[in-house]
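Everything quoted here is computed from the prediction, not taken from an experiment.
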Amino acid sequence: LVTVAQYSQFTHIGSRNTGFIVYGSEGTLEVFYQPDCLAIKRAGDEDYTGIEFDADIRTEGAWTRLHREFREAIENDTTPPVPGIEGYRNIEWALGAYLADEQRAWVTLPLAEEYRDYAGPTLDESLIVSEP
């Protein structure tokens with residue numbers, strides 16, 4: 001038995017300031033949402049390059065398509081649209097960003113063994129106090 005739940009808005013509403021910047025040892029990669037494309041700027045580029053959305057993403061939406069394909073992979077016992085190792089790498093990348101922020105230092109990926117149990121940032125007041 002598997003339950004897949006998505007906790008977000010059904011349809012992505014992008015804005016010109018929605019995006020991310022990746023800071024690396026060789027430069028930066030900037031990606032921002034535009035109404036009809038993603039604007040991408042790599043280290044050394046003078047300006048942003050527009051990358052158009054696939055026609056099916058414009059019609060169905062990326063999240064809707066991803067979740068539909070994932071559900072179909074479960075139902076049909078086929079390969080999921082995003083393999084587990086890619087999800088693992090995305091989580092590790094996000095955790096590395098949190099660690100870098102908390103430690104105010106560069107973090108090397110893949111994460112070192114000492115961070116294996118790191119679950120990301122938590123607010124102390126949100127932790128449940130329990131007796132052992």
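Atom OH of Tyr118 has more than 12 neighbouring heavy atoms from other residues, nucleotides or ligands inside a 6.0 Å radius. The neighbour count for Arg42 CZ, taken as heavy atoms of other residues, nucleotides or ligands under 6.0 Å away, does not exceed 12. Remark: Glu52 CD is loosely packed, at most 12 non-hydrogen atoms of other residues, nucleotides or ligands lying under 6.0 Å away. No more than 12 heavy atoms of other residues, nucleotides or ligands sit less than 6.0 Å from atom CD of Glu26.
Taking CG from Leu66 and CD from Glu60, the interatomic distance works out to 10.0 Å, rounded to the nearest 0.5 Å. Note: Arg65 CZ to Glu72 CD = 11.5 Å, rounded to the nearest 0.5 Å. Between Phe32 atom CZ and Leu38 atom CG the span is 11.0 Å, to the nearest 0.5 Å. Atoms CD and CZ, on Glu69 and Arg71 in that order, are 10.5 Å from each other to the nearest 0.5 Å. A distance of 7.0 Å separates CD in Glu30 from OH in Tyr23, rounded to the nearest 0.5 Å. Atom CZ of Arg116 sits about 12.0 Å away from atom CG of Leu95, to the nearest 0.5 Å.
Considering only heavy atoms from C-beta on, Trp93 comes within 4.5 Å of Val22 through its side chain.
Trp106 and Tyr115 are assigned to two separate hydrophobic clusters, defined by single-linkage of ILVMFWY side chains at heavy-atom distances under 4.5 Å. Under the 4.5 Å side-chain heavy-atom criterion for Ile, Leu, Val, Met, Phe, Trp and Tyr, Tyr88 and Leu99 are members of distinct hydrophobic clusters. By the criterion of side-chain heavy atoms lying less than 4.5 angstrom apart, applied directly or through intervening Ile, Leu, Val, Met, Phe, Trp or Tyr residues, Phe20 is grouped together with Ile40 in one hydrophobic cluster.
Here the side chain of Asn90 pairs a donor or acceptor atom with the backbone of Glu86 at under 3.5 angstrom. Using a distance-only test at 3.5 Å, with no hydrogens or angles considered, no donor-acceptor pair links the side chain of Asp45 to the main chain of Lys41.
Among all heavy-atom pairs drawn from Cys37 and Gly50, the shortest one is SG-CA, 3.9 Å. The minimum heavy-atom distance between Pro80 and Ala73, with the atom names listed, is CA-CB, 3.6 Å. For the residue pair Ala43 and Gly27, the shortest heavy atom distance occurs at CB-CA, 3.7 Å.
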Going through the distances and angles, do Phe53 and Asp36 end up as a side chain to side chain contact (heavy atoms under 4.5 Å, CB included)? CA-CA 7 Å; Phe53 298 115; Asp36 297 324; 5.6 Å; no
Under the criterion salt bridge (charged side-chain N to carboxylate O under 4.0 Å, His left out), I'd like the reasoning laid out for Glu92 against Arg89: C-alpha separation, chi angles, the key distance, then a yes or no. CA-CA 5 Å; Glu92 186 174 53; Arg89 288 180 182 137; over 6 Å; no
